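Because the structure is a prediction, the values reported are computed rather than measured. First listed ligand is number 1; within each ligand, the first listed atom is number 1.
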Amino acid sequence: MSQTTASITTAQWQQKRDQFVSKGVSNGNRSLAVKGVGAELYDLDGRRFIDFAGAIGTLNVGHSHPKVVKAVKRQAEELIHPGFNVMMYPSYIELAEKLCGIAPGGHEKKAIFLNSGAEAVENAVKIARKYTKRQGVVSFTRGFHGRTNMTMSMTSKVKPYKFGFGPFASEVYQAPFPYYYQKPAGMSDESYDDMIIQAFNDFFIASVAPETVACVVMEPVQGEGGFIIPSKRFVQHVASFCKEHGIVFVADEIQTGFARTGTYFAIEHFDVVPDLITISKSLAAGLPLSGVIGRAEMLDAAAPGELGGTYAGSPLGCAAALAVLDIIEEEGLNERSEKIGKTIENKAYEWKQEFPFIGDIRRLGAMAAIEIVKDPDTREPDKAKAAAIASYANQNGLLLLTAGINGNIIRFLTPLVISDSLLNEGLSILEAGLRA
Ligand SMILES: Cc1ncc(COP(=O)(O)O)c(C=O)c1O
């Protein structure tokens, strides 16, 4: 901790934050983070927080993993940033090679690196448009893709993400996406799938013609939208519809990638090979790095200079990402993800017996969530209760996030390096919050 950091109190930092930092950026917790280790964060006053937020799914390998720190330090000492479009460097190329090997599908692949998740999605759209020579972009109801103009346009939740920020990009359409917990009463999942698939097909009659659509962008599990897991049948239908109509199918794996769901990419659970994959968040363990991986002929549709950016694919991010890929393998984080998810799920089902406001429990690997409702029969979302639970957790040493179009989902994005004892301790704090 620097001298300045130590000599200013938390209250003074909070006052400075309010004076000098935009109100437009929210803070779930107003403590001052000064140190992070694995799945724990420490604040300026020495208080420890168990981290179930992982910087919104960015820290699958945990805070300041020693391998990541070492790789970044070494890279910083050797070379910070020549700018890939000025002079190339090995880590960018090595990372591209590794990710092309890991991404699903036996076809020839290429990659490009950028800075943020939104920028990766923007670039996937650019690539798809250039490749197809079409303009239409289809995302899904409840989807979240970022805060730039194009990605806001593709995003669902109006408040706070879009309200007052229009006009939005044109030729962007939102298709229906299943939400099994909120399906009509008495309907089977099968019939509900039939209904949504029909609605998806009809959407291409009523809203946009398929031959004008460049890409369909789907989160294999909706993150910000509330950890909504579609059926294999729905995802496969969308992928084959895209194939039939020459539409580029993009899997937005920014929140779901890198062992979060027990596989490198969540799309693997659906036996679908996407044309393009957008990646960021846990890719580089907290360093700002994102990318697009996909079919070589698509990545090559743009001419030199048409893609890229000043800081895109920085050596520090690439070095961190190479370390992350090693850590996932060496520490068996895909397997660990499933175990963490199972522990959370088991606990959540115990809670459901006791707390009728737990309406639904969902998970894929460690991407787990519980849906808070006013009444399990009406399934009416209870945003206030979810916020109160998260607030209790944050005040009692557990960083916890909500999600969902109605803000009533408690989501778990804990680092996958968390120990069983820390995980259980975090769950106990949450349980006390549910009780309170
Ligand atoms: C699925 C998905 N896509 C895109 C983004 C945008 O990423 P960023 O905030 O890095 O721009 C997010 C961020 O939460 C995300 O979850």
Side-chain angles (χ1 to χ4, degrees), residues 22 24-28 53-60 112-128 137-157 160-162 165 169 172 174 177 215-230 235 249-261 264-267 269-270 274 276-294 309 311-314 317 320-321 364-369 401-405 407 409 411-413:
S22 164
V25 185
S26 65
N27 301 114
I56 326 183
T58 302
L59 292 160
N60 289 357
I112 176 176
F113 297 113
L114 306 137
N115 299 287
S116 69
E119 205 184 350
V121 175
E122 291 260 358
N123 275 271
V125 169
K126 280 174 69 175
I127 291 164
V137 174
V138 172
S139 57
F140 290 88
T141 318
R142 284 185 313 277
F144 180 86
H145 301 284
R147 289 181 165 85
T148 58
N149 190 266
M150 169 54 80
T151 57
M152 258 197 305
S153 311
M154 296 164 67
T155 288
S156 262
K157 195 170 173 177
Y161 301 128
K162 303 169 79 158
F165 292 123
V172 178
Q174 282 173 16
F177 193 87
C215 57
V216 168
V217 184
M218 177 195 275
E219 294 163 86
V221 176
Q222 289 189 325
E224 207 56 38
F227 284 28
I228 317 256
I229 308 165
V235 179
F249 180 57
V250 184
D252 181 347
E253 294 264 8
I254 286 163
Q255 194 160 150
T256 48
F258 303 101
R260 173 54 44 194
T261 70
Y264 276 98
F265 300 103
I267 198 74
H269 292 282
F270 302 91
L276 301 178
I277 302 178
T278 54
I279 50 172
S280 189
K281 290 198 186 269
S282 281
L283 164 67
L287 273 92
L289 183 73
S290 69
V292 182
I293 321 166
Y311 284 117
S314 101
L364 195 59
M367 194 163 181
L401 296 174
T402 57
I405 210 92
I409 318 289
R411 60 172 151 173
F412 299 84
L413 284 169

Colleague: For atom 16 (O) of ligand 1, find the nearest protein heavy atom and state the residue, atom name and distance (0.1 Å precision).
Modeller: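 The answer is Gln255 NE2, 2.9 Å.
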Colleague: Do Val125 and Cys215 have side-chain heavy atoms sitting under 4.5 Å apart?
Modeller: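 Yes, their side chains come closer than 4.5 Å.
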Colleague: So which protein heavy atom does atom 4 (C) of ligand 1 come closest to, and at what separation?
Modeller: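 Protein heavy atom with the smallest distance to atom 4 (C) of ligand 1: His145 O, 3.3 Å.
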Colleague: Please check if atom OH in Tyr161 has more than 12 non-hydrogen atoms from other residues, nucleotides or ligands closer than 6.0 Å.
Modeller: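 Atom OH in Tyr161 is packed in, count exceeds 12.
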Colleague: For the residue pair Ser156 / Gln174, report whether a side-chain donor-acceptor contact shorter than 3.5 Å exists.
Modeller: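 Side-chain D/A pair, Gln174 to Ser156: present.
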Colleague: Nearest protein heavy-atom contact for atom 14 (O) of ligand 1: which residue, which atom, what distance?
Modeller: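 Sorting protein heavy atoms by distance from atom 14 (O) of ligand 1 puts Lys281 NZ, 3.0 Å first.
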Colleague: Looking at ligand 1, is there an atom of it that comes within less than 4.0 Å of some heavy atom belonging to Arg147?
Modeller: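 For ligand 1, residue contact (heavy atoms, under 4.0 Å) with Arg147 is absent.
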Colleague: Considering only NZ, NE, NH1 and NH2 on the basic side and carboxylate oxygens on the acidic side, decide whether Lys126 and Glu119 come within less than 4.0 Å.
Modeller: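 Glu119 and Lys126: not salt-bridged.
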Colleague: Can you list the atoms of ligand 1 that are under 4.0 Å from a heavy atom of Glu219?
Modeller: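 Matching atoms, with element in brackets: 1 (C).
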Colleague: Is it the side chain (CB and beyond), the backbone, both or neither of Glu119 that lies under 4.0 Å from ligand 1, heavy atoms counted?
Modeller: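 Answer for Glu119: neither.
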Colleague: Has Asp252 got any heavy atom lying under 4.0 angstrom from an atom of ligand 1?
Modeller: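 Yes, Asp252 has a heavy atom closer than 4.0 Å to ligand 1.
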Colleague: Write out the residue and atom name of the closest protein heavy atom to atom 7 (O) of ligand 1, then the distance separating them to 0.1 Å.
Modeller: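 Looking only at protein heavy atoms, the one closest to atom 7 (O) of ligand 1 is Gly117 CA, 3.3 Å.
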Colleague: Of the protein's non-hydrogen atoms, which lies at the shortest distance from atom 11 (O) of ligand 1, and what is that distance?
Modeller: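 Looking only at protein heavy atoms, the one closest to atom 11 (O) of ligand 1 is Ala118 N, 2.8 Å.
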Colleague: Would a distance-only check, ignoring hydrogens and angles, find a side-chain to backbone donor-acceptor pair under 3.5 Å from Thr402 to Ile409?
Modeller: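 Pair absent, no side-chain N/O of Thr402 close to backbone of Ile409.
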Colleague: Decide whether Thr261 and His269 meet the rule of one side-chain donor and one side-chain acceptor closer than 3.5 Å.
Modeller: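 Short answer, yes.
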Colleague: Just jot down the ligand 1 atoms closer than 4.0 angstrom to any heavy atom of Gly146, in number order.
Modeller: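 Counting atoms of ligand 1 from 1, those under 4.0 Å from Gly146 are 6 (C).
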Colleague: Which heavy atom of Thr151 sits nearest to which heavy atom of Gly146, and what is that distance?
Modeller: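 Nearest pair, atom of Thr151 first, then Gly146: OG1-C, 3.1 Å.
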Colleague: How long is the straight-line distance from NZ of Lys281 back to CZ of Phe258, given to the nearest 0.5 Å?
Modeller: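 Between atom CZ of Phe258 and atom NZ of Lys281 there are 13.0 Å.
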Colleague: Within 4.0 Å of atom 9 (O) of ligand 1 (strictly less), any protein heavy atom?
Modeller: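 Answer no: nothing from the protein, no heavy atom, is under 4.0 Å.
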